[in-house]
2 protein chains.
Amino acid sequence: MAAKQDPEALAAARPLLTDLYQVTMALGYWRAGRAHDPAEFELFFRQCPFGGSFALAAGLRDCVRFLRAFRLRDADVQFLASVLPPDTDPAFFQHLRALDSSGVTVRALPEGSLAFPGVPLLQVSGPLLLVQLLETPLLCLVSYASLVATNAARLRLIAGPEKRLLDLGLRRAQGPDGGLTASTYSYLGGFDGSSNVLAGQLRGVPVVGTLAHSFVTSFSGTEVPPDPMLAPAAGQGPRVDLTTCVEAWLERVCAHLGLGVQDPHPGERAAFVAYALAFPRAFQGLLDTYSVRRSGLPNFLAVALALGELGYQAVGVRLDSGDLLQQAQEIRGLFRTTAAQFQMPWLESVPIAVSNNIDEEELARLAQEGSEVNVIGIGTSMVTCPRQPSLGCVYKLVSVGGQPRMKLTEDPDKQTLPGSKAAFRLLGSDGSLLLDVLQLAEEPPPQAGQELRIWPRGARESCLVRPAQVEPLLHLWVQQGQLCKPLPSLAESRAFAQLSLSRLSPAHRRLEQPALYQVALSEKLQALVHRLRAGASL
Amino acid sequence: MAAKQDPEALAAARPLLTDLYQVTMALGYWRAGRAHDPAEFELFFRQCPFGGSFALAAGLRDCVRFLRAFRLRDADVQFLASVLPPDTDPAFFQHLRALDSSGVTVRALPEGSLAFPGVPLLQVSGPLLLVQLLETPLLCLVSYASLVATNAARLRLIAGPEKRLLDLGLRRAQGPDGGLTASTYSYLGGFDGSSNVLAGQLRGVPVVGTLAHSFVTSFSGTEVPPDPMLAPAAGQGPRVDLTTCVEAWLERVCAHLGLGVQDPHPGERAAFVAYALAFPRAFQGLLDTYSVRRSGLPNFLAVALALGELGYQAVGVRLDSGDLLQQAQEIRGLFRTTAAQFQMPWLESVPIAVSNNIDEEELARLAQEGSEVNVIGIGTSMVTCPRQPSLGCVYKLVSVGGQPRMKLTEDPDKQTLPGSKAAFRLLGSDGSLLLDVLQLAEEPPPQAGQELRIWPRGARESCLVRPAQVEPLLHLWVQQGQLCKPLPSLAESRAFAQLSLSRLSPAHRRLEQPALYQVALSEKLQALVHRLRAGASL
């Protein structure tokens, strides 16, 4: 993995996107002659987000991209020299200049995997100074990606498989890259697409979008389109003046709806016509700039029916205010009567899209049985994860020079699990997940069908478990700086996430007060923890 | 403002970091022959964040950087072509290719200004198609920057002027750029520095950092430093073996503290010695890797006193767990007795730094009268703004072709104020802020000492006000794509923010249940709203 210049990687995270203490510690390690000591860190979280019992692992592709481009430029090293003591040995800066990721090995959960507290999302090993320096950017890249993917997965579980879920949160994101990360990993977590064009361009996320209120208010109705003529969808037959055609349909629609033809706002109608001329095959209406019932809806219907006469079918309406569920019911009802009245049956099923500060509770309401809402756009609640805006991952040293290391702080929640480890997921005979086991890397893997003694975390006693299947959790992705196997595509990881979630028992998948998924230690790991805690081996 | 390639701007926000509907609307405008219609948008928020009565405006420098670099590259246009209808007129893509910011004019609140609901942070005017396209990136750049600056200002108000406040939140940020933005604008809002090295390199934020638990746990105590010798601070006299010197001091310290010399962890001490060898003039100890009282503190004191003998003064300790306030009191007490015992008076006042999930409540506790805490590092609560992770700014069309525009939705909270406007801040004779007034751009500005009839927002009646001073709020920064005057430096904006806050009355500055700061409309603006609401002019 040579340090080639990848502008995308530079845009995402640069080597100096790190905490200064990584650099001061680097100097400390270097001065102590320990820069090259082989070390291993684990990146994990201590508690599942949002009060749930699971998280989805994500961000590995960004970590790999970052590692591939990892190299301190001259300007970077000069800046570091300016904030370190003036008498710092120049050889230290030479050492920094020569750093790249060629000594780094990364094992990780595949993206889209279920992740549980204490199970490493990433294991990073390599020279002590270097893998220490990587801490902050790796945390930055994994924590938020995993948080967003988990948030999206929860929203998908609430919405059910049928509703289209769209990320509209870019403008609410915490900084530009927050937006790009959110759009990418909300797709991984189960969304159908995003409004974020850059996520489409750089990450292949399906992008969606139609029109905003400003487009509607920009028209007063006095504008004359330079070319109002539209050819029929099939391409045969004469071109028609859409504006005239829409005005004729407006009368019929208003009569049907019991409205005066003066009621619908002419500027809104002009905007819809302009949009229809640009997108005759993908016409959508935004209904609530003025009055939905008296203006947005009749204007939409007039344009949709005029297009319908030419063989085009409108593809949707959007509501961005008011009681979205109730309005959707009313609109669907009017679509049905109008479709029957004018013999345009496709109109019945024009998708209804909604947006406007939708959170988990409102989503549950919109997704209830009988809802006529088809597409749900979520902004702030998707990208900022307001219920818990940070996953709080940590990156802890577990071994150095082949010796296990442990943080033995007086705060038991902050103690770490020592040693280079392997992790396995144990499954029942029906393929459902039983629990995850952490053990020392040198131990033989658990065997399917064989009894295993384990120590569930937090329990005072060991217990026996006999898994029907055993899956290793941590895959080798980067060895000595070389990518070992291609990363799955984003769409593949998305499918894997949905598969993973489907294997979780309903009690664990429940979003409120779920059953706790167990993570256990092998007997040897448990013994090591005890020994280090007792200070015996230190 | 030519479209020169600024890699920083590209890293921050690119033209395609936008919602797809901006692009579909662009095609709509273009097809309607309206691409060049002169238009004006306002960027504002509807409600102050965090339950307070003010916000700080921020993000303008990022907007200017973005505008300066705004240009769609060929790859961008090709991507857009791939998501628009295949029969889209190629002339539209030619139009996109030729876009730059040379027609854009921006008025804005200076960075660090107090901002209130409905008062534009930015006024953006230019060709309709272009200024519409700018919506999402500008929202993305201003909203979070302002939110973070406001959050930092609140935390500074709680902490008081003396405590050093540090942003340690990079690893908890919502994506890498979220981290860079947070570190930059927390400084603007009143923090003293950040751990984020990139914010130092790119934005000039003072950077800080010492050591983490991993550094401490990486040492077992058996390591031998390649060069344990240290010269005295004054540079004269023989070099001393610091390790030996520290062991000698450990005995004296343990005797003083009533501990056995076996109690302090030898690995922790080795880590402190390694750090001291690298940073003899900036030695700090992280005390809570093992036991603060039995290990971290005696080890720190042994190293600090050994350094003291050589003429170096330790610069701090840090605590990252437990009851931070209480531990700081105890540590300060032990610093005092130890300083007296060993006649090292500087030790008494070694700064005590704390961190660990500090929020507004905990900060208030740590900043209380008599607290011995000197430095407070805040991570998650600073960067993710968990109490309200999005400011919810909007960007609304207020005029097109010289005609006022208004969104007249049935949801009164979402109605907009029409017309190109000016904004003024009215002050009392003591320099305190009275209220902000929005009026139409063509109206003469309010005059100091003259009575003015205004309509406070939400009120049913007008009232009279006689300001002693009047300040125009919106400055012209970018005219026809040219930067009109240099932007203040980040440090200048930081000072301006503190000055602005000092002019706010205590009732408005209060963080919980503050008095509402009034924003009012001029009579003419109020009349225009009425006229448009009545549909008279449409």
Side-chain angles (χ1 to χ4, degrees), chain A residues 11-13 16-21 24-25 27-28 31-33 79 83 136 139-140 144 170-172 174-179 181 195 197-198 201 207 209-215 217-218 225-226 274-275 277-278 288 290-291 321 380 384 386 389-390 397 400 405 407-411 414, chain B residues 11-13 16-21 24-25 27-28 31-33 79 83 136 139-140 144 170-172 174-179 181 195 197-198 201 207 209-215 217-218 225-226 274-275 277-278 288 290-291 321 380 384 386 389-390 397 400 405 407-411 414:
Chain A
L16 289 202
L17 191 85
T18 193
D19 292 307
L20 184 61
Y21 76 7
T24 53
M25 287 191 280
L27 177 55
R31 181 73 169 75
F79 180 75
V83 294
T136 312
L139 280 171
C140 198
Y144 180 55
L170 175 56
R171 65 188 57 198
R172 304 281 182 243
Q174 297 199 337
D177 192 82
T181 308
S195 65
V197 183
L198 198 62
Q201 185 185 26
V207 291
T210 53
L211 69 166
H213 297 107
S214 51
F215 187 81
T217 58
S218 82
Y275 197 82
L277 286 169
D288 62 345
Y290 304 107
S291 161
S321 56
T380 312
T384 68
S390 172
L397 182 68
V400 63
R405 285 292 181 266
K407 182 177 161 196
L408 279 163
T409 171
E410 287 158 332
D411 180 346
K414 289 196 158 191
Chain B
L16 289 202
L17 191 85
T18 194
D19 293 306
L20 183 62
Y21 76 6
T24 53
M25 287 191 278
L27 177 55
R31 181 73 168 76
F79 179 75
V83 295
T136 312
L139 281 170
C140 197
Y144 179 56
L170 175 56
R171 65 188 57 198
R172 304 282 182 244
Q174 296 199 338
D177 192 82
T181 308
S195 66
V197 183
L198 197 62
Q201 185 186 27
V207 291
T210 53
L211 68 166
H213 297 108
S214 50
F215 187 80
T217 58
S218 81
Y275 197 83
L277 286 169
D288 62 345
Y290 304 106
S291 161
S321 55
T380 311
T384 68
S390 172
L397 182 68
V400 62
R405 286 291 183 265
K407 181 177 160 195
L408 280 163
T409 170
E410 287 158 331
D411 180 347
K414 289 196 158 192

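Below, read A as the first sequence line, B as the second, and so on, with proteins coming before strands; counting in each chain starts at 1.
For A:Thr24, the side-chain contact (heavy atoms from CB on, under 4.5 Å) criterion is met by A:Leu20, A:Tyr21, A:Leu84, B:Tyr275, B:Phe279, not counting sequence neighbours. Contacts of A:Ser195 classified as side-chain contact (heavy atoms from CB on, under 4.5 Å), with partners at least two apart in sequence or in another chain: A:Leu168, B:Asp19.
The residue among B:Pro389, B:Pro226, B:Ala32 with the most heavy atom pairs within less than 4.5 Å of chain A is B:Pro389. The residue among B:Thr210, B:Leu139, B:Val83, B:Val207 with the most heavy atom pairs within less than 4.5 Å of chain A is B:Thr210. Of the listed residues (B:Ser390, B:Ser321, B:Pro225), the one with the most heavy-atom contacts under 4.5 Å to chain A is B:Ser390. For the set B:Gly175, B:Gly179, B:Ala274, B:Pro386, the entry with the most heavy-atom pairs within less than 4.5 Å of chain A is B:Gly175. In terms of heavy-atom pairs under 4.5 angstrom with chain A, the leader among B:Cys140, B:Ser218, B:Gly33, B:Ala212 is B:Ser218. Between chain B and the residues A:His213, A:Arg31, A:Gln174, the largest count of heavy-atom pairs under 4.5 Å involves A:Gln174. Counting heavy-atom pairs closer than 4.5 Å to chain A, the top residue among B:Thr136, B:Leu170, B:Thr181, B:Asp288 is B:Leu170.
B:Leu16 approaches A:Gln201 most closely through the heavy-atom pair CD1-OE1, 3.3 Å. Of all heavy-atom pairs between A:Leu27 and B:Ala278, the closest is CG-CB, 3.9 Å.
Atom OG1 of A:Thr217 sits about 4.5 Å away from atom CG of B:Leu397, to the nearest 0.5 Å. In this structure, OG1 on A:Thr18 lies 8.0 Å from CZ on B:Arg171, to the nearest 0.5 angstrom. Put simply, CE on A:Met25 and OG on B:Ser214 are 4.5 Å apart, with the number rounded to the nearest 0.5 Å.
Only the side chain of A:Phe79 comes within contact range of chain B, judged by heavy atoms closer than 4.5 Å. Proximity to chain B involves both the backbone and the side chain of A:Val197, based on heavy atoms less than 4.5 angstrom apart. Using a 4.5 Å cut-off between heavy atoms, B:Ser291 contacts chain A through both its backbone and its side chain.
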